[in-house]
Participant: 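Take this structure first; my questions come after.
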2 protein chains.
Amino acid sequence: MKPRGRRKTQQERTADTTLKLLNATIALLHDRGLYRMSTSDIAEAAGVSRGALTHHFSSKEEIIAAAVSHQLRNATAGLHKMAEGIRQSGGTSDEIVDYLWRMMKDRLFYVTMEYLPEARHNAEFRTAIIPVVKEFHAGLNSVWAELAGQVGVEVEHALVLMNATMCLIRGMIAQSATRDDPAYFDALLDFWKEQMRREFMLKNDEFPAGAGEPKQSLAALEISAARLRHQGATKGR
Amino acid sequence: MKPRGRRKTQQERTADTTLKLLNATIALLHDRGLYRMSTSDIAEAAGVSRGALTHHFSSKEEIIAAAVSHQLRNATAGLHKMAEGIRQSGGTSDEIVDYLWRMMKDRLFYVTMEYLPEARHNAEFRTAIIPVVKEFHAGLNSVWAELAGQVGVEVEHALVLMNATMCLIRGMIAQSATRDDPAYFDALLDFWKEQMRREFMLKNDEFPAGAGEPKQSLAALEISAARLRHQGATKGR
DNA sequence: AATTACAAACAAACAAGTCTGTTTGTTTGT
DNA sequence: ACAAACAAACAGACTTGTTTGTTTGTAATT
C-alpha cells in the first residue's frame, strides 16, 4: 500500500512520524508510566530524534493529550464496529461485557490511570481530552443502545446498565494494580454477567419485543415480586 | 492530656512531627498530586524543615508509602467501627453503600489514584503497601459479613457483592475526574443501592433465618441506619 | 542538684542528575 | 529557492539525597 523505497510526500512523512510517536507514547505510558518516561524516551522508542518530536508537538503535555486522543479514537472505532455487528447479527450481554473488559484491560484503562491524575490537576489537559472522552462514551452508547433495541429494553435503563458496567470494570482494573488475582476478577465478572443477563431478561419480559407473548419465567416472577414488595415497603421513608 | 507548654519527650516530638508530615503528605497528594509535589512542599506544608523530613523518612517513596498506610489504617479503623455499629444495632445495605461512597470520595480513592501508577511500576512500593491494603479489605469484609449475618445471606455471596460495590465506586470516582456530573453519579449509586437491596432481600427469602429471631423489621432497620449515618458523618477528620 | 557527655531531632545549604523547552544547523520535499 | 521536516546541542529550572552544623532532650557523674 505504502510506496516501499519511494520518496514520501511531506504529508506522509508527518503522518508516519506522528503515528510512530503516538504509538510509542501509548506504549511507554503503559509500560513505564507518565512520570517515569521522558520526551527523550518517547523519541527513542519511536525511532526518531527528539527534534522531530518537538517539531510536531510543542510540549510533553501536548503529545500525551494527542496520544490519549489517538487511543480513545481507536477504541471508539472498535465500539462502533461492535455496535454494527450487533445490529446485523445480534449479540448477547455476555459478549458485550467480555468485549468491554478486554478492551479496557488491553492497555486502555491502564493508560487512563496514568493520565487521570494529570487530568485532575491540570485544567488545560483535562479540557483537551474531555471531547474525545465524550466521543468514546457516544460509542459506548451505540453498542448498548443496539443491544437494548434488540432485546426491547428501555434505552434509559440500558444506559444506566452500561455505565455501571464500565465503572465496575474501571474499578476492577484499578484494583488489579494491588491485587494480582485473576480468579477473583473472573468471579466478579461472572457475577456481573449474570446480573446483566437477568436485567435484560427481566426487562425483556416487561416490554416484550414485537408480538411475543408476555411469558414470564418463574425466576423473573420471583424477582419482580421481591422488587415490588421492597419498593412498597420503603416508599414511606 | 498532653502537657501544654511543657517540654515534649523525644517520642512525643517524633510522633508529632511524623504525624504532621503524614497528614501534609496526604493533603498534598490529594490537592496537587504525587508528581506535582516535592518533598520540600511536604515539609513546608507540615510546618517543619526539610531536614526534619529527611531525618524521619529516607526517601520520598518511603514517606509516600507511610502516608498511604496511615490513611488506609484510619479508613480500616472506621470500617471496623461501622461493623461494630451494625453488630449492635443493625444496618441497611443502603447505609453501607453510602458510607463506602463517602469514605472513598473523602480523599481516600483520589489519593489512591495518585499512587496506583507508582504501585504498578515500582515493585518495592507495591510490596510496601499491599499488607495495609489487605488489612483494609479485612475491614471491608467485617462490615459486609456483619450485614450478611444479620440478614441471613451467605457470606460468600455477600463478599462478592461487597467487592462489586467497591469496584463500582472506584470506577465511578475514577470517571469523576473527567466527568463533572454529580447527578449522573447519584443516579448510578441509586441504581446500585436498589440492586443491593434486592440482592439481600431476595437471598433473605431464599434462606430464611433458621430457628432464630424473625428478621428485623424495616422500621428497625431504618432507625439503626440513621444512627450509622450520624456516626459516619461525624467520624471524618 | 548541677554539670557534663551524649544522642536524637532538626535546620539549612550543597551536589548531582534529570527533564523540558529553545535554538541552531542540516536534510528532504515542492 | 524556499519551506517544512528533522537532528543535535544547549541553557535553565527543578528535585532528590547528602552533608554539615545547631538545638533539644536524656542520662551519667559528681
Side-chain angles (χ1 to χ4, degrees), chain A residues 2-22 24-25 28-29 32-67 114-115 117-118 121-122 124-125 128, chain B residues 2-25 28-29 32-67 114-115 117-118 121-122 124-125:
Chain A
K2 183 171 55 181
R4 282 143 307 191
R6 262 239 355 283
R7 281 164 151 187
K8 287 182 269 189
T9 176
Q10 298 279 62
Q11 281 191 350
E12 285 176 332
R13 281 176 57 167
T14 297
D16 285 5
T17 305
T18 56
L19 187 64
K20 278 193 287 187
L21 282 168
L22 295 184
T25 302
L28 282 174
L29 276 175
R32 291 192 216 167
L34 177 54
Y35 311 96
R36 299 174 104 79
M37 68 193 261
S38 66
T39 50
S40 310
D41 292 333
I42 299 176
E44 189 184 355
V48 305
S49 74
R50 211 176 91 83
L53 186 152
T54 62
H55 174 70
H56 292 288
F57 305 96
S58 60
S59 73
K60 182 178 181 179
E61 181 183 325
E62 189 177 313
I63 191 173
I64 296 292
E114 293 295 330
Y115 71 77
E118 191 65 22
H121 300 294
N122 184 338
E124 285 186 41
F125 180 81
Chain B
K2 184 171 58 181
R4 283 144 305 192
R6 271 252 337 294
R7 281 160 148 189
K8 287 183 272 189
T9 177
Q10 299 278 60
Q11 280 191 349
E12 286 175 330
R13 282 177 56 170
T14 297
D16 285 4
T17 305
T18 56
L19 186 64
K20 279 193 288 186
L21 283 168
L22 295 184
N23 285 335
T25 303
L28 283 173
L29 276 174
R32 293 192 214 165
L34 177 54
Y35 310 96
R36 299 175 103 79
M37 69 194 261
S38 67
T39 51
S40 311
D41 293 333
I42 299 177
E44 190 184 354
V48 303
S49 73
R50 212 177 90 83
L53 186 153
T54 61
H55 175 71
H56 291 288
F57 304 96
S58 60
S59 73
K60 182 180 182 180
E61 179 183 327
E62 190 177 312
I63 192 173
I64 296 291
E114 293 295 330
Y115 70 76
E118 190 65 22
H121 299 294
N122 183 340
E124 286 187 42
F125 180 81

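In what follows, chains are A, B, ... by sequence order, proteins preceding strands, each numbered from 1.
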Participant: How close do B:Leu21 and B:Val48 get, heavy atom to heavy atom, and via which atoms?
Facilitator: CD2-CG2, 3.7 Å
Participant: Could you work out, with side-chain hydrogen bond (donor to acceptor under 3.5 Å, both in side chains) as the rule, every residue matching B:Thr39, not counting sequence neighbours?
Facilitator: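 Listed in chain order: B:Arg50.
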Participant: A:Ile42 CD1 to C:dT18 C1': how many Å, rounded?
Facilitator: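 Checked: the CD1 to C1' distance equals 15 Å.
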Participant: Can you tell me how far P of C:dT20 sits from CD1 of A:Ile63, to the nearest Å?
Facilitator: 11 Å
Participant: What is the separation between atom CG on B:Asp16 and atom C1' on C:dA8, rounded to the nearest whole Å?
Facilitator: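 Value for this atom pair: 15 Å.
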Participant: Please report the distance, rounded to the nearest Å, between CG in B:Leu53 and C1' in C:dA12.
Facilitator: 14 Å
Participant: So, OP1 or OP2 of C:dA8: does either fall under 4.0 Å of a side-chain N or O from B:His56?
Facilitator: no
Participant: Can you name the salt bridge (Lys or Arg N to Asp or Glu O under 4.0 Å) partners of A:Arg32, sequence neighbours left out?
Facilitator: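 Counting only residues at least two positions away or on another chain, A:Arg32 forms a salt bridge (Lys or Arg N to Asp or Glu O under 4.0 Å) with A:Asp41.
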Participant: What is the distance, to the nearest angstrom, from the NE2 atom on A:His55 to the P atom on C:dT20?
Facilitator: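 Whole-Å distance recorded here is 19 Å.
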Participant: Suppose we screen for side chain to side chain contact (heavy atoms under 4.5 Å, CB included). Which residues come up paired with A:Thr18, at least two apart in sequence or across chains?
Facilitator: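 With sequence neighbours excluded, A:Thr18 shows a side chain to side chain contact (heavy atoms under 4.5 Å, CB included) to A:Thr14, A:His56, A:Phe57, given in chain and number order.
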Participant: Looking at A:Thr14, I'd like to know whether one of its side-chain N or O atoms comes within less than 4.0 Å of OP1 or OP2 on D:dA5.
Facilitator: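 Yes, because at least one side-chain N or O of A:Thr14 sits under 4.0 Å from OP1 or OP2 of D:dA5.
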Participant: Reading DNA chain C 5' to 3', what string of ( ), [ ], | and . shows its pairs, if Watson-Crick and G-U wobble pairs count only when both distances fall under 3.5 Å?
Facilitator: ||||||||||||||||||||||||||||||
Participant: Going by side chain to side chain contact (heavy atoms under 4.5 Å, CB included), name the residues that satisfy it together with A:Ser49, two or more places apart in sequence or in a different chain.
Facilitator: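 For A:Ser49 the side chain to side chain contact (heavy atoms under 4.5 Å, CB included) partners, ignoring immediate neighbours, are A:Ala52.
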Participant: Would you please name every residue forming a side-chain hydrogen bond (donor to acceptor under 3.5 Å, both in side chains) with B:Glu44, sequence neighbours left out?
Facilitator: none
Participant: Over how many whole Å does the gap from A:Tyr35 atom OH to C:dT20 atom P extend?
Facilitator: 12 Å
Participant: With under 30° as parallel and over 60° as perpendicular, where do the rings of A:Phe125 and A:Tyr115 fit, or are they tilted in between?
Facilitator: perpendicular
Participant: Could you work out, with side-chain hydrogen bond (donor to acceptor under 3.5 Å, both in side chains) as the rule, every residue matching B:His121, not counting sequence neighbours?
Facilitator: A:Glu114
Participant: Atom pairs, N/O to N/O, protein against nucleotides 11-17 of chain D, distance under 3.5 Å?
Facilitator:
from   : atom 1 : to      : atom 2 : distance (Å)
D:dT16 : OP1    : B:Lys60 : NZ     : 3.1
D:dT16 : OP2    : B:Thr39 : N      : 3.1
D:dT16 : OP2    : B:Thr39 : OG1    : 3.2
D:dG17 : OP2    : B:Lys60 : N      : 3.2
D:dG17 : N7     : B:Arg50 : NH2    : 2.3
D:dG17 : O6     : B:Arg50 : NH2    : 2.7

Participant: Who pairs with A:Ser59 by side-chain hydrogen bond (donor to acceptor under 3.5 Å, both in side chains), at least two apart in sequence or on another chain?
Facilitator: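 side-chain hydrogen bond (donor to acceptor under 3.5 Å, both in side chains) list for A:Ser59, sorted by chain: empty.
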Participant: In this structure, how many angstroms lie between the P atom of C:dC19 and the CD1 atom of A:Ile64, rounded?
Facilitator: 14 Å
